[in-house]
Each structure stands twice: as structure tokens, then as C-alpha cells.
Amino acid sequence: MALVGRPNVGKSTLLNAALGHPLAIVSPTPQTTRDAILGVVHHGPAEIALLDTPGLHRPRTELGRVMNQAAREAARSADVIVFVTEAPDPARLRGGATKDGEPARPLAPHPGDLTLLADLGSEAPVVLVLNKVDRMRDKSQLLPLLEALAKLREFAAVVPISALRDDGVQRVLDEVAKLCPEGEWGFAPDELTDRPTRFFAAEYVREQILRATKEEVPHASAVQIERYVEPTGGGALHIDATIHVERPGQKKILIGAGAEQLKRIGTQARLRIEELVGRQVNLKLWVRVTPAWRESLERLEELGYNKGEAS
């Protein structure tokens, strides 16, 4: 089941809420998700494999094109598509309540949603999820938006939710479970994903970069695991990782005065990794300038961004 939608509509937050575990990284930065990430939910008798995908967008780099390719491939191979969009932010609405007291214009679908829905095809059933409905005090304002979306294609179900507040997420799973094809479970009840831990180690470092830095640094950074040693017994997990950036100035920002920025990133990432693996982690980080890595297919493959496959 593929989670598909524009960047920052809350696909990863929905995945985490469905899992009951913060597996996927989230941040306010658009295009946080770069790889298709599988999360496995056992919901009653149904096994639901939710594939979180990169937000489909107008790519400006080769990395962006690879991300879009990963999302489209996930949608094409899915038994069910969960199309996620969001309620608009009232603070950014144009044509809201007028000074003259005239009624506001009805909410309309985002232009990006129109394009994506037209590209989905008709092979798999689509569940429409309208996220972030907690933004709107008057939920009746959302009805014109839902009606307009319903005219674009036939949906198997329409579910308004707030993934951040875990409101409506169980209903999404209920609707998806009805559409799951019959078959044997492919995962054990305690399995969350098919991705290796080293993949999430890199992701959790990148998550802290997204949260600690602004401007061009988040999009220009990639994390590569150089060493991953899991000792037998109860010893610590040893991880060495390199953060690639494109310019010396970005490296300077990431390291910070007295290397304090890099230390904070490493500490927070280590805590996230320890929560996932349930053991002590020894994490070492380096920063390297790799010019124009986002435009090089060879570099993208080395860093794991090749059709959504992890390094």
C-alpha cells in the first residue's frame, strides 16, 4: 500500500502514527523523505505494508528526479494507494473572511493534487486521506474541498484525519484493510520494516541535520554509513558516518564553532538510534565536501539514492 502525495502533507507522520513508533524521520523541511520506506502494521487479521514515498514535486536536481521515480514506482506496484493531501493553513488562505463580512471562497484542491491524481491511473483502488484537519475550527469549510476532490476520480474511501494527533488513523487502517488482497502474512508480528538498521542510522543523523540547520544545508546533505559493527554479546554498536555536503560553507555550518553543532547532531542522532536498537551506540561523525553530489548519478548510487534502494 503506497502513501502518495505532495511534500510535507504528512505521509511520514501518518506512517509513524499507524506503526505506533517514530520509524520514519519527519521535519518541517520539504522533501524530508528521500527513499520509499516500508512500515508493517498488523491490524486485526490484516497485514498492511505501508510504503511511505518521497513527496512528488517538480525536480530541480538529479536527486529530485530519482526521488520522484521511487514514488511513482511505488504507486505503480501498490495493491492500494493512500493518497494524502492536507487541509490548508488558515493563516495562508487567500480569500478568507472579508472585511465586508462576505462569505469566504470555497476551498479548492491544490494544483499539485490535480496533477498527481491525474497521473495515478485506475488500476489500484485509492483511499483519499485529508490530513491536518485540526487546522480548521469549522470543519464544514472542508466539505467543498472534499466534494471537489471526489469529482476528480472515484475513491474507495475518504478519511479526514489529524495524523499528528493520531485522530482518524485507525479508520484509515480499517479502510485499507478492506482492500487488502488475501494471502499469508509476510512478516512476523513484531517486525516493523524490511529496511536494515544501518539505513535508519543514516536517516536519524540526517533528521538532526534537518532540525539543526536552515537554508541550503538540509537539501545539500547526505549521510553515508562507513562502518557498522554490531558486536556479539552486550557491547555497544559502533557506527562511523560521513555527512556529505556540496560547499565548504555548508561544512562550516554543520561543524559549528568548536564543533558544537556537530556534537549536538551526533548526540541527538545517537539517542534516536539507541531507541531503535535497544542498546548503547557509539556514533562518530565526519563532514566531507562532495561538490554537486545531487547532480551525479554515480554519486547518488554510492550514497544509496538509486531507485529507492538503501546503501
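We number each residue from 1, following the sequence as shown.
With Arg272 as the fixed residue, the side-chain hydrogen bond (donor to acceptor under 3.5 Å, both in side chains) test singles out one of Glu203, Gln208, Glu207: Glu207.
For Asn68 (side chain) and His57 (main-chain N/O), a donor-acceptor pair under 3.5 Å exists by modelled atom type. No donor-acceptor pair under 3.5 Å is formed between the side chain of Thr53 and the backbone N or O of Ala36. Between the side chain of Ser77 and the backbone N or O of Ala74 there is at least one donor-acceptor pair closer than 3.5 Å. Judged by distance alone, with hydrogens and angles left aside, the side-chain atoms of Glu274 form a donor-acceptor pair with the main-chain N or O of Val281 at under 3.5 Å. Under a 3.5 Å cut-off, the side chain of Thr267 and the backbone N or O of Arg264 do not form any donor-acceptor pair. Gln141 contributes no side-chain N or O that, together with a main-chain N or O of Leu107, makes up a donor-acceptor pair within less than 3.5 Å. Remark: side-chain polar atoms of Asp79 are not paired, donor with acceptor, to backbone N or O of Cys180 under 3.5 angstrom. Formation of a donor-acceptor pair under 3.5 Å by the Glu47 side chain with backbone atoms of Gly186 is found in this model. Side-chain atoms of Asn131 come within 3.5 Å of backbone N or O of Ala163 as a donor-acceptor pair. A donor-acceptor pair under 3.5 Å is formed between the side chain of His110 and the backbone N or O of Gly112.
Sparse packing is recorded around CZ of Arg165, with 12 or fewer heavy atoms of other residues, nucleotides or ligands lying under 6.0 Å away. Around CD of Gln280, the count of heavy atoms belonging to other residues, nucleotides or ligands within 6.0 Å does not exceed 12.
Relative orientation of the Trp293 and Tyr305 rings is parallel, given thresholds of 30° and 60° on the angle between their planes.
Considering only residues two or more places apart in sequence or on other chains, Trp286 meets the ring-ring contact (aromatic ring centres under 6.0 Å, His included) condition with none of them. Every residue was checked against the salt bridge (charged side-chain N to carboxylate O under 4.0 Å, His left out) condition with Glu184, not counting sequence neighbours, and none meets it. Legend: residues meeting side chain to side chain donor-acceptor pair (under 3.5 Å) with Arg72, ordered by chain and number and at least two apart, are absent.
At a threshold of 4.5 Å between non-hydrogen side-chain atoms, the residues Leu50 and Leu173 count as touching. Within the 4.5 Å cutoff, side-chain heavy atoms of Tyr204 are placed close to those of Leu276.
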